[in-house]
Amino acid sequence: VQLQASGGGSKQAGGSLRLSCAAPGGTLSSSGVGWFRQFPGKDREFVSFISRDGDITRYADPVRGRFTISKNNAENTVYLEMNRLKPEDTALYYCAADGRLHSYSGWYRNPAEYFYWGQGTQVTVSS
């Protein structure tokens, strides 16, 4: 599955962006999908996750209440709605997908558990 992340850009603090993660030629309906972000010189960190059926969502504490993840299996796309953006949200954002069974409940927070990755999309928030 080739993932394509898009929707990044530059916004002022308090603004909104919607990131998209598409899988042309593949399917996200059988995969859990995560969003991660990476700051310069740092490892990728977990942002949000949605289960294959879209009935389970998870968020990192810094974004909970401001970001919303959703999944449209008919469009084969996962969205990350980012509201009330802060300068500390500035990072390169990646989406990732994996359809395998995992042996522990918090697997979705670990980048190493994802088999498919999209290219990053840059989000820049100015104060």
Side-chain angles (χ1 to χ4, degrees):
V1 176
Q2 187 73 24
L3 302 181
Q4 293 182 351
S6 61
S10 296
K11 288 287 182 178
Q12 288 195 319
S16 298
L17 281 172
R18 189 176 76 159
L19 304 185
S20 299
C21 179
T27 179
L28 293 179
S29 62
S30 58
S31 299
V33 177
W35 283 97
F36 292 80
R37 62 187 182 186
Q38 189 167 24
F39 305 110
K42 301 289 187 181
D43 293 334
R44 294 180 189 183
E45 70 172 34
F46 169 74
V47 175
S48 186
F49 168 81
I50 190 164
S51 62
R52 66 178 67 188
D53 295 327
D55 57 340
I56 297 172
T57 58
R58 295 289 186 265
Y59 298 93
D61 287 344
V63 307
R64 186 175 291 113
R66 299 188 297 120
F67 292 8
T68 302
I69 192 170
S70 61
K71 195 179 193 192
N72 188 322
N73 283 334
E75 295 180 358
N76 211 27
T77 303
V78 170
Y79 301 99
L80 185 68
E81 188 76 34
M82 308 165 68
N83 297 315
R84 304 201 311 273
L85 285 164
K86 302 177 180 180
E88 51 264 44
D89 293 322
T90 296
L92 192 58
Y93 283 72
Y94 296 89
C95 64
D98 198 277
R100 299 169 295 178
L101 292 176
H102 297 270
S103 61
Y104 59 104
S105 60
W107 69 268
Y108 54 87
R109 295 178 177 269
N110 184 355
E113 294 287 351
Y114 291 84
F115 191 80
Y116 300 103
W117 286 86
Q119 86 291 357
T121 185
Q122 178 68 37
V123 171
T124 303
V125 184
S126 58
S127 56

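Since the model is a prediction, treat every value here as computed from it, not as a measurement. Computed from heavy atoms alone, side chains included, the values below leave out hydrogens, waters and symmetry copies.
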Q: Look at the side chain of Arg109 and the backbone N and O of Phe46, then say whether any donor-acceptor pair between them is shorter than 3.5 Å.
A: no

Q.
Quick check: do Phe36 and Pro111 have side-chain heavy atoms less than 4.5 Å from each other?
A. yes

**Q.** Test item: Pro24 and Gln4 side chains (from C-beta on) under 4.5 Å apart, heavy atoms
**A.** yes

Q | Atom of Ala97, atom of Ser31 and distance for their closest heavy-atom approach | A | CB-CB, 4.0 Å

Q.
If we ignore hydrogens and angles and just use 3.5 Å, is the side chain of Gln38 paired with the main-chain N or O of Ala91 as donor and acceptor?
A. no

Q) Atom NZ of Lys71 and atom CG of Asn76: how far apart are they, to the nearest 0.5 Å? A) 8.5 Å

Q. Do Trp117 and Tyr79 belong together in a cluster built from hydrophobic side chains that touch within less than 4.5 Å?
A. no

Q: Please report the C-alpha distance between Trp107 and Tyr114 in whole Å, then the side-chain angles of each, then the deciding distance to 0.1 Å, and finally whether the ring pair (Phe, Tyr, Trp, His ring centres under 6.0 Å) criterion is met.
A: CA-CA 9 Å; Trp107 69 268; Tyr114 291 84; 5.3 Å; yes

Q.
Can you list everything that forms a salt bridge (charged side-chain N to carboxylate O under 4.0 Å, His left out) with Arg37? Sequence neighbours excluded, please.
A. Glu45, Asp89

Q: Please round to the nearest 0.5 Å and tell me the distance separating atom OG of Ser29 and atom CG of Asn73.
A: 5.0 Å

Q: Identify which one of Thr121, Asn72, Thr77 satisfies the side chain to side chain contact (heavy atoms under 4.5 Å, CB included) criterion when paired with Ser20.
A: Thr77

(Q) Can you give me the closest heavy-atom contact between Ser127 and Ala13, atom names plus distance? (A) CA-CB, 4.3 Å

Q) Is a side-chain N or O of Tyr59 found less than 3.5 angstrom from the main chain of Ile69, in a donor-acceptor match? A) yes

Q. Are any side-chain N or O atoms of Thr124 and backbone N or O atoms of Thr90, one a donor and one an acceptor, separated by less than 3.5 Å?
A. no

Q. With a 4.5 Å limit on heavy-atom distance, are the side chains of Leu3 and Val33 in contact?
A. no

Q) If we only count heavy atoms from C-beta on, is the Trp35 to Val78 side-chain gap below 4.5 Å? A) yes

**Q.** More than 12 heavy atoms from other groups under 6.0 Å of CG on Asp43
**A.** no

Q.
More than 12 heavy atoms of other residues, nucleotides or ligands under 6.0 Å from CZ of Phe115: yes or no?
A. no

**Q.** Nearest-0.5 Å distance, CD of residue Glu81 to CG of residue Leu19
**A.** 9.0 Å

Q: Considering non-hydrogen atoms only, spot the tightest contact between Ala5 and Gln119 and give its length.
A: O-NE2, 2.6 Å

(Q) Run the side-chain contact (heavy atoms from CB on, under 4.5 Å) test on Phe67 and Leu17 for me, step by step, so that the C-alpha distance in whole Å, both residues' side-chain angles and the decisive distance to 0.1 Å come before the verdict. (A) CA-CA 10 Å; Phe67 292 8; Leu17 281 172; over 6 Å; no

Q. Where the side chain of Arg100 meets the backbone of Glu113, is there a donor-acceptor pair that is under 3.5 Å apart?
A. yes

Q: Hey, could you give me each pair passing side chain to side chain donor-acceptor pair (under 3.5 Å) that has a residue in residues 8-19? Not counting sequence neighbours.
A: Ser16-Asn83

Q. Is the backbone N or O of Pro62 less than 3.5 Å from a side-chain atom of Lys86, with the two atoms forming a donor-acceptor pair by type?
A. no

